[in-house]
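Contents: one structure, followed by commentary.
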Amino acid sequence: MTNNYRAYLKTHLRNNLKPLLFIVVFSVVLTVALAYTNQKDVLNYYYNDKIRITYYCTIWIPVMILAISCYIAPYMEFAFFKKRRNLDCAYALPISRKEMGRAHYFSGLLTIFLPYTLSYITNTLLMLRYQQEYFFTPLIPHYFLCLLFGICTYSIFVFVFNEANSPGDGIWFIILWSAVFYLVLSAVRNDLFLEFLNKTTWRKITSNSDLAFVFSPLVFISEAFTDRVERPEWYTYTRLFKDDEVIFCLIFWLVVGIAATIAFFKTFGKRRMEKTEEISDSWFGYRILVPVYAVAGMLTFGSSGNGTIILEVIIVILALLGYAIYRRGFHYKKSEIIILSLLLIFLFI
Amino acid sequence: MIEVKKLSHRLGEKIVLNNVDITIPDNTIVGLVGINGAGKSTLLRLLSGVYNADFGQILFDGASPEEASTRQNIFFLPDDPYYTAAMTPAKLFSFYKTFYPNMDKTAFEQLIREYKIDVKGKMRNFSKGVRRQVFIALAVAIKPRYLLLDEAFDGLDPLSRKLFKDAIIEFVENERATVIISSHSLRELEDFCDRFILLDDCQVKQHGDIAEHVSNFCKFELAFTDTVDKALFADLPVRAIDIKGGHFVQLVLEGDSEEMRTLLTALSPVVMDEIPLDFEEMFIHDVEKNRGVKNDE
């Protein structure tokens, strides 16, 4: 760690202090507002012929704030690198690009860590006040597990954001990557082209495509821990997901998160500054996402899937728009015209 | 010493620099000239480590600017430098001081005073020229061994230009630094640059000592009683020729002026005057010549 890295990180954190404070304060205020409202909502049920009253468990509030921070932090930290004017000065500084990327990555971690942690503490204090009958020990592993998967999600978003050459494209990449696996799994579940796979195993894994959404681990963990926080003898929670599905989901997103982190640190220092503000032609961007969304959308929502022909027309229009956003105009390349033509053929079949 | 060896670079599909070779000695002020799109800014970005070269090598005292440690000795001032919305000259100074701990606060404050800039004013409220002045003051205060300035005079008023040139000359004398300045104000460059590099058609077309380069050429105004055409001067080393009304000729010749005067006398002009030739004119003739060679090919 060089002196210049420390100096850069210090200066960067100081410059980010105001927006970070704003996010932290906003998160705490939001937590108080949501927790207060929800904890006052009572849940009545019978247990041993006696009516029992408890309150909704609100551990989802800090997790929701963590999820929102995962979207905000990559933009806050890396939009700077999407303007040539900024890079003319930044890349001429006596600090390596790798170190600069590391500084922004860790500063982004603070942007997810601080609001989440303070929101968690606030929510726990409110739970201690209003929901004393709950078990609080499971909150500790819940906090750390969510933080771990929050970091994974943040890393994925950081990587895909940095594959874009403009902040706008970066935002699109984050949004599209959030649900790409979900959509692909939904398409696969229609069994249109996976007859050859061992359906038993495959079905087990893919039976619930909700687990393939980028925030699925956070949802699952919170759901499982809600079960443990609330008194089990009072209330049996009907869990949404089965254990084997969930383990696969956690391992999958952990692997994707680690891979994204490694890929980010490997590629950040090597990115060509000349590409900044140009069309984002990364293989992790529109180039792959538009056809994947179009095909998966057709299989899932098309007339051969669960949807209608109108939805298919909408998907073709969205694919056209997707490529227009990619190319920044209505001029398509040969490969894109082929994909669009195939979609149209699919539509008429 | 800066050594550029067989440097080539593309921006997208377009070749911007092709096989550039230059050596810039220490303690010099170099003017980087060329028409728009010649590759001046690209070369400065490559020199400063902002771009990584596609092919070839750049060495500052044997070290690549792609290494962060080499950039400790380099300061690059781009055409439109970055600053945050809340940035003031004082904050900018503090920011750069974290990277260049030996920054000279006195030199910075002195220049800021001379430019009459509010050190606590917001950069975003300053005009382009004033912002440039702040960055020039920073560049001088950093005292880098190598100072790279893109479009250095852009937005500066005549007084600021003078202050800027004085500051650079003093800086080079005191620090024994090397300065590379790109600009379209060739008359300004001629005033205080020792050397020049002319970029054209992705390559270095000319480089060397400005005074020496200009002294290799001479310019004459001639008048003839009879009508003349270009053929009359075919045997002379003509760099540029302009014939008006068939009788009046303006000539730029390559070679010693006395020798050229003797050759021209032999053509029996009724009037012959040698007129001064400046760097800007030389630049235009150099570029036109290069274009002519290319067209002939």
Side-chain angles (χ1 to χ4, degrees), chain A residues 1-22 76-77 79-104 107 165 267-281 327-328 333, chain B residues 9-14 16 41-42 44-54 60 63-87 91-92 94-102 131 135 138-139 142 144-151:
Chain A
M1 199 189 283
T2 62
N3 285 340
N4 281 348
Y5 170 71
R6 274 193 290 269
Y8 184 83
L9 183 62
K10 209 172 120 184
T11 312
H12 179 65
L13 291 177
R14 206 168 43 216
N15 287 343
N16 263 11
L17 199 62
K18 270 188 195 167
L20 183 60
L21 274 177
F22 174 79
M76 258 180 75
E77 290 301 327
F80 173 84
F81 294 96
K82 306 294 164 204
K83 282 189 181 165
R84 277 186 196 154
R85 181 173 163 248
N86 303 353
L87 298 183
D88 267 342
C89 284
Y91 285 175
L93 290 172
I95 170 173
S96 74
R97 293 177 196 190
K98 219 174 183 177
E99 286 182 318
M100 212 177 269
R102 208 190 306 157
H104 283 257
S107 168
N165 293 333
T267 56
F268 187 79
K270 291 175 187 161
R271 284 189 65 78
R272 280 171 69 88
M273 186 270 197
E274 297 89 315
K275 284 191 166 183
T276 311
E277 295 178 21
E278 297 288 318
I279 282 172
S280 304
D281 57 356
R327 296 281 166 208
R328 296 176 194 173
K333 286 207 160 183
Chain B
H9 198 72
R10 279 170 183 270
L11 290 181
E13 295 298 307
K14 193 186 168 206
V16 182
S41 297
T42 303
L44 286 176
R45 286 190 175 106
L46 285 160
L47 287 169
S48 60
V50 172
Y51 286 170
N52 294 338
D54 288 342
F60 285 74
S64 166
E66 288 174 23
E67 298 298 323
S69 54
T70 312
R71 294 201 295 274
Q72 194 76 56
N73 299 317
I74 304 168
F75 181 74
F76 171 51
L77 176 54
D79 178 29
D80 186 14
Y82 164 78
Y83 54 88
T84 59
M87 199 65 100
K91 283 183 184 170
L92 207 57
S94 306
F95 174 73
Y96 277 94
K97 193 159 172 65
T98 56
F99 299 101
Y100 305 96
N102 300 325
R131 284 201 294 266
F135 278 97
L138 267 177
I142 286 169
R145 200 167 144 71
Y146 299 100
L147 178 57
L148 313 172
L149 306 164
D150 195 6
E151 299 298 345

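Quick note on labels: first sequence line is chain A, next is B, and so on, each numbered from 1. Values below: all heavy atoms of this structure, side chains included; hydrogens, waters and symmetry mates excluded. As the structure is a prediction and not an experimental result, all values here were calculated from the model.
What you find for A/Asp88 and B/Arg45 is that their closest heavy atoms are OD1-NE, 2.6 Å. Considering all non-hydrogen atoms of both residues, A/Arg97 and A/Arg271 come closest at NH1-O, 3.5 Å.
When each of B/Asp54, B/Asp150, B/Leu148 is checked for heavy-atom pairs under 4.5 Å with chain A, B/Asp54 comes out on top. Among A/Ala7, A/Cys89, A/Ala90, the residue making the largest number of heavy-atom pairs under 4.5 Å with chain B is A/Cys89. When B/Val50, B/Leu11, B/Thr98 are compared by the number of non-hydrogen pairs under 4.5 Å with chain A, B/Val50 comes out ahead.
With a 4.5 Å cut-off on non-hydrogen atoms, A/Phe80 touches chain B through its side chain but not through its backbone. With a 4.5 angstrom heavy-atom cutoff, A/Arg84 does not touch chain B via any of its atoms.
Every residue two or more places apart in sequence or in another chain that forms a ring-ring contact (aromatic ring centres under 6.0 Å, His included) with B/Tyr146 is listed here: B/Phe60.
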Identify each donor-acceptor pair in which a side-chain atom of residues 71-80 of chain B lies under 3.5 Å from a protein atom, sequence neighbours left out, and give them as a table.
| residue | atom | partner | partner atom | Å |
| --- | --- | --- | --- | --- |
| B/Arg71 | NE | A/Tyr91 | O | 3.2 |
| B/Arg71 | NE | A/Leu93 | O | 2.9 |
| B/Arg71 | NH1 | B/Pro65 | O | 3.0 |
| B/Arg71 | NH1 | B/Glu66 | O | 3.3 |
| B/Arg71 | NH2 | A/Leu93 | O | 3.3 |
| B/Arg71 | NH2 | A/Ile95 | O | 2.7 |
| B/Gln72 | OE1 | A/Asn4 | ND2 | 3.0 |
| B/Gln72 | NE2 | B/Phe99 | O | 2.4 |
| B/Asp80 | OD1 | A/Arg85 | NE | 3.3 |
| B/Asp80 | OD2 | A/Arg85 | NE | 3.3 |

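Remark: A/Arg102 qualifies as a cation-pi partner of A/Tyr5 under the 6.0 Å distance and 45° angle criteria applied to the six-membered ring.
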